[in-house]
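Side chains are part of it too, since the values below use all heavy atoms of this structure and drop only hydrogens, waters and symmetry mates. Predicted model, so just to flag it, every value in this text is computed and none were measured.
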Amino acid sequence: MHPFRTHTCGELRREHSSGSVRLSGWIFRKRDHGSLLFIDLRDHYGLTQVVIQPDRDFFETCQKLRLESVITVTGKVEPRTEDTINPELPTGAIELLADSVVVESEADPLPIYLAGEEDGPEDLRLKYRFLDLRRERMHKNIMLRSKVISDIRRRMIEDHGFSEFQTPILTSSSPEGARDYLVPSRVHPGKFYALPQSPQQFKQLLMLAGFDRYFQVASCFRDEDARADRSPGEHHQLDIEMSFVTPEDIFAVVESVLYGVFTKFSTWKVDATPFKRIPYAEAMVKYGSDKPDLRIPIEIVDISELFRTSKFNAFRSIVEKGGVIRAIPVTAIADKPRSFFDKLVEYAQSIGSKGLAYLVFEAGAVKGPLAKFLSPDDLTALSKMCGTKDGDVVFFVGEMAKEANRIAGDLRLKLGRDLDRVEKDCYRFCWIVDFPMYEFDDENKAVIFSHNPFSMPQGGLKALQEMDPLKIYAYQYDVVCNGYELGSGAIRNHQPEIMYKAFEIAGYSRESVDKDFGALIKAFRLGAPPHGGIAPGIDRIIMMLTHEENIREVIAFPMNQRAQDLMMNAPNDVSIRQLRELHIRVELPKHHEHKDQPVQDQLPKT
RNA sequence: GGGGGCGUAGCUCAAUUGGUUAGAGUCCCAGACUGUCGAUCUGGUUGUUGCGGGUUCGAGUCCCGUCGCUCCCGCCA
């Protein structure tokens with residue numbers, strides 16, 4: 001007999017009855033009746049009830065064992081009597097009558113609960129992540145992650161003819177983008193490697209190498225602050241690149257994979273392919289966001305023109321100054337109490353709106369302080385543009401366009417959630433297309449890249465030479481689901497002349513482009529296929545499939561918001577010797593100088 | 001870097017307008033119990049109310065500062 005197990009804890013059924021078996025696992029729960037002891041033995045596969053009878057010499061030992069101790073039980077599979085069958089448990093028709101028990105590992109009292117639904121404080125969960133991961137929900141999340149990734153790989157390779165590649169983790173720092181994680185070089189004093197923010201240049205170079213269809217489940221390292229949907233330090237992308245393609249070719253692959261994965265691993269409804277395509281400019285007006293949550297059936301309307309000549313000074317002057325007026329029509333809330341509207345106005349102000357006007361369409365009339373400033377014709381036009389019916393309310397935001405988008409978009413989300421108008425149990429996908437190539441940086445009064453500088457401008461060199469840079473679109477697209485940006489991609493700029501020109505507009509000299517992207521530019525002169533790609537975020541996909549609201553719940557060993565690994569105690573101090581070897585001297589900011597290690601204590605010795 | 005929320009026993013939480021010795025459940029410890037499946041019952045231990053200062057006869061509660069966690073803004077080519 002195998003020293004640890006003949007079966008797993010999720011395996012035994014009535015047909016195994018009277019056979020002698022061996023199980024190993026953790027003591028999940030104990031029910032001690034004094035002269036009879038039940039142990040729920042848990043392993044990766046399931047739970048089996050073990051019965052310890054009082055005449056056994058290991059009875060007392062088992063009574064004293066704490067939860068989560070690891071034991072090996074040998075005994076007979078007994079069918080349970082009709083009245084003791086547990087229908088909740090797959091193994092509930094049988095139990096294991098113990099003949100011998102070996103204690104493999106005795107557990108101390110646990111710092112966190114495993115058997116309940118409650119999470120406990122997150123810093124403790126992260127510090128004892130290996131315990132946290134034993135909990136059913138976390139175990140399921142991580143297993144789903146494993147299955148989804150392997151399913152994605154299969155789809156990429158078998159359904160779409162991609163090959164998987166590895167690219168370097170130690171590479172060079174590039175000036176664009178997020179802050180880099182740096183690794184000092186021992187051999188080259190004063191020089192540093194950087195961890196890749198993404199394998200961007202490598203995957204493009206693989207296209208130049210002629211591999212045609214690249215993918216990688218890639219670790220990406222960015223030293224940026226965390227969010228609920230953004231893990232600090234490192235995250236994972238399904239990195240894709242394809243040669244000789246149009247955006248539609250890339251959309252087709254991503255739609256096929258995402259639709260397939262989401263329908264396979266969720267019971268929620270998934271948008272049929274092709275996913276809706278929404279130009280960036282339209283999304284910013286209609287949803288106030290470039291990652292719209294299409295589950296909310298509220299669409300913002302631009303009504304600036306109505307107010308250009310209106311008697312309502314506040315809005316007219318905003319329009320005259322180049323600002324915009326946006327209407328947020330909401331159906332069937334005219335009967336909401338005054339406090340509802342007051343709270344919403346207060347909320348609007350808290351997110352930076354100057355105010356929040358609204359009109360109530362009720363009983364064939366229009367009520368609200370704004371009503372008297374609008375002519376009957378204007379009101380009719382407004383009502384038509386917003387599609388209002390009796391019982392509807394229209395909210396108004398008047399700001400400069402960027403602010404108006406942000407505020408109206410925020411209000412749209414809040415209204416959708418507060419009024420419970422978010423469509424349930426579905427994944428609503430879309431593509432945001434036609435991103436602007438450049439934007440104006442108000443702070444530095446300069447034209448800058450609005451997204452990826454490697455994107456091909458729509459209209460090519462001609463557009464760069466002749467058009468207002470701020471009006472040029474890039475072949476740049478995002479795939480969005482339920483208000484989350486799942487991935488971002490582009491058709492790349494593979495022509496050196498267009499690249500120099502594109503960078504020149506953003507204020508980079510030919511020399512600086514050569515210096516920073518030399519490898520790529522040189523390669524582009526040696527035969528470059530037109531190519532493009534995208535990189536959907538794996539962690540976010542899993543987060544959506546598990547319905548988690550925090551990305552840490554789908555990562556086995558995540559860092560906390562301040563980019564610390566509380567379990568491994570990273571980042572930590574290193575020895576002077578290590579620093580010397582790397583030619584590094586540490587100069588701490590003043591307020592850190594007299595502080596001890598800020599990170600949590602090491603694990604207690606057990 | 002900025003803004004919001006939270007911080008009371010190992011864990012989850014309570015504590016009236018500021019008012020006696022800060023409670024309950026759970027975990028843990030001891031005892032009882034042969035059919036439980038979140039076993040049950042009895043008893044017990046557990047506190048720098050995050051930390052520091054202030055107001056007050058009196059502070060878990062009010063004020064100021066600070067630390068930690070978290071959410072958001074900035075940032076994320």
Side-chain angles (χ1 to χ4, degrees), chain A residues 28-41 47-55 59 63-64 66-68 78 80-89 91-92 95 97 108-128 131 174-180 196-198 200-201 220-233 235 347 350-352 406 410 435 437-439 443 448-455 474 476 485 488 490 492 502-503 506 508 516-517 535 537 549-550 552 560-562 564 566 591 595 598-600 604:
Chain A
F28 186 56
R29 277 192 281 259
K30 272 195 311 186
R31 291 174 293 281
D32 184 353
H33 289 241
S35 303
L36 188 63
L37 175 62
F38 297 101
I39 290 176
D40 287 342
L41 196 67
L47 206 67
T48 300
Q49 172 163 285
V50 175
V51 182
I52 317 269
Q53 292 172 314
D55 55 341
F59 181 82
Q63 266 189 320
K64 287 198 169 124
R66 286 193 202 88
L67 299 184
E68 295 303 311
E78 292 281 342
R80 297 202 202 178
T81 58
E82 206 55 45
D83 56 320
T84 59
I85 286 176
N86 183 350
E88 307 285 308
L89 224 55
T91 60
E95 59 197 7
L97 200 58
D108 286 341
L110 299 175
I112 58 173
Y113 279 129
L114 303 189
E117 289 287 308
E118 281 165 349
D119 280 339
E122 197 172 13
D123 44 353
L124 266 188
R125 292 178 59 204
L126 292 176
K127 185 169 171 178
Y128 298 97
L131 291 180
S174 80
E176 287 289 321
R179 280 183 289 269
D180 284 317
Q197 294 183 22
S198 77
Q200 182 66 36
Q201 295 194 57
C220 303
F221 304 89
R222 295 176 194 173
D223 184 4
E224 293 299 331
D225 291 335
R227 288 289 183 276
D229 64 348
R230 203 166 80 199
S231 188
H235 69 283
Y347 176 77
S350 79
I351 58 169
R406 181 181 67 80
D410 191 317
F435 275 85
M437 183 84 186
Y438 300 100
E439 62 188 87
E443 222 173 288
I448 57 170
F449 285 114
S450 77
H451 258 73
N452 187 330
F454 302 110
S455 302
Q476 167 93 40
E485 181 199 309
S488 191
R492 319 299 174 189
F503 272 93
Y508 296 88
D516 294 333
F517 307 106
E549 296 202 336
N550 193 296
R552 291 186 292 271
N560 69 2
Q561 177 159 298
R562 293 183 50 207
Q564 295 167 300
L566 300 178
H591 57 281
K595 224 159 126 186
V599 285
Q600 304 283 319

For the P atoms, the ones on B/U8 and on B/C62, what distance do you get once it is rounded to whole angstrom? 15 Å
Could you give the distance separating B/A15 and B/U49 at their C1' atoms, to the nearest angstrom?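 Rounded to whole Å, the distance is 11 Å.
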Nearest to side-chain heavy atoms of [X], which nucleotide of [options]:
X: A/Asn550; options: B/U70, B/G74, B/C72; result: B/U70
X: A/Arg29; options: B/A39, B/C69, B/U34; result: B/A39
X: A/Arg562; options: B/C37, B/C76, B/G68; result: B/G68
X: A/Pro121; options: B/C75, B/U36, B/C11; result: B/C11
X: A/Glu122; options: B/C37, B/U70, B/G74; result: B/U70

When Watson-Crick pairs (N1 to N3 and N6-O4 or O6-N4) and G-U wobble pairs (N1-O2 and O6-N3) count only below 3.5 Å on both distances, what is the dot-bracket string of RNA chain B, with | for other-strand pairs? (((((((..((((.....[...)))).(((((.......))))).....(((((..]....))))))))))))....
Between A/Arg179 and A/Asn560, which residue's closest nucleotide on RNA chain B lies nearer the 5′ terminus? A/Asn560
Using heavy atoms to find the nearest nucleotide of RNA chain B for A/Gln53 and A/Ser198 separately, return the residue whose nucleotide is more 5′. A/Gln53
Report yes if the ring of A/His33 lies under 5.5 Å from the six-membered base ring of B/G35 with planes under 30°, and no otherwise. no
Holding to salt bridge (Lys or Arg N to Asp or Glu O under 4.0 Å), I want the full list of residues that pass it with [X], two or more places apart in sequence or in another chain.
X: A/Glu224; result: A/Arg179
X: A/Glu485; result: none
X: A/Asp410; result: none
X: A/Arg222; result: none

Among all residues two or more places apart in sequence or in another chain, which pass the side chain to side chain donor-acceptor pair (under 3.5 Å) test with A/Ser450? none
Return the set of residues passing side chain to side chain donor-acceptor pair (under 3.5 Å) with A/Asp180 (not counting sequence neighbours), or none when no residue passes. A/Ser173, A/Gln197
Assess, by modelled atom type and distance only, whether the side chains of A/Arg31 and A/Gln49 contain a donor and an acceptor separated by less than 3.5 Å. yes
Does the [N] base have a donor-acceptor partner in the side chain of [X] within less than 3.5 Å?
X: A/Arg222; N: B/C75; value: no
X: A/Asp123; N: B/G68; value: no
X: A/Arg80; N: B/U36; value: yes

In whole angstrom, give the distance that lies between atom CG of A/Leu124 and atom P of B/G50.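 That distance rounds to 16 Å.
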Each nucleotide N or O in nucleotides 26-30 of chain B that has a protein N or O under 3.5 Å away: list the pair and distance.
residue : atom : partner  : partner atom : Å
B/U26   : O2'  : A/Tyr113 : OH           : 2.2
B/U26   : O2   : A/Tyr113 : OH           : 3.1
B/C27   : O4'  : A/Tyr113 : OH           : 3.1
B/C29   : OP1  : A/Arg66  : NE           : 3.2
B/C29   : OP1  : A/Arg66  : NH2          : 3.4

Any residue meeting ring pair (Phe, Tyr, Trp, His ring centres under 6.0 Å) with A/Tyr508, in chain and number order, not counting sequence neighbours: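 Here the qualifying residues are A/Phe503.
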Are A/His33 and A/Phe38, when compared by the centres of their aromatic rings, separated by less than 6.0 Å? yes
So A/Arg552, base contact, sugar-phosphate only, or nothing? Heavy-atom distance under 4.0 Å.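 Touches sugar-phosphate only.
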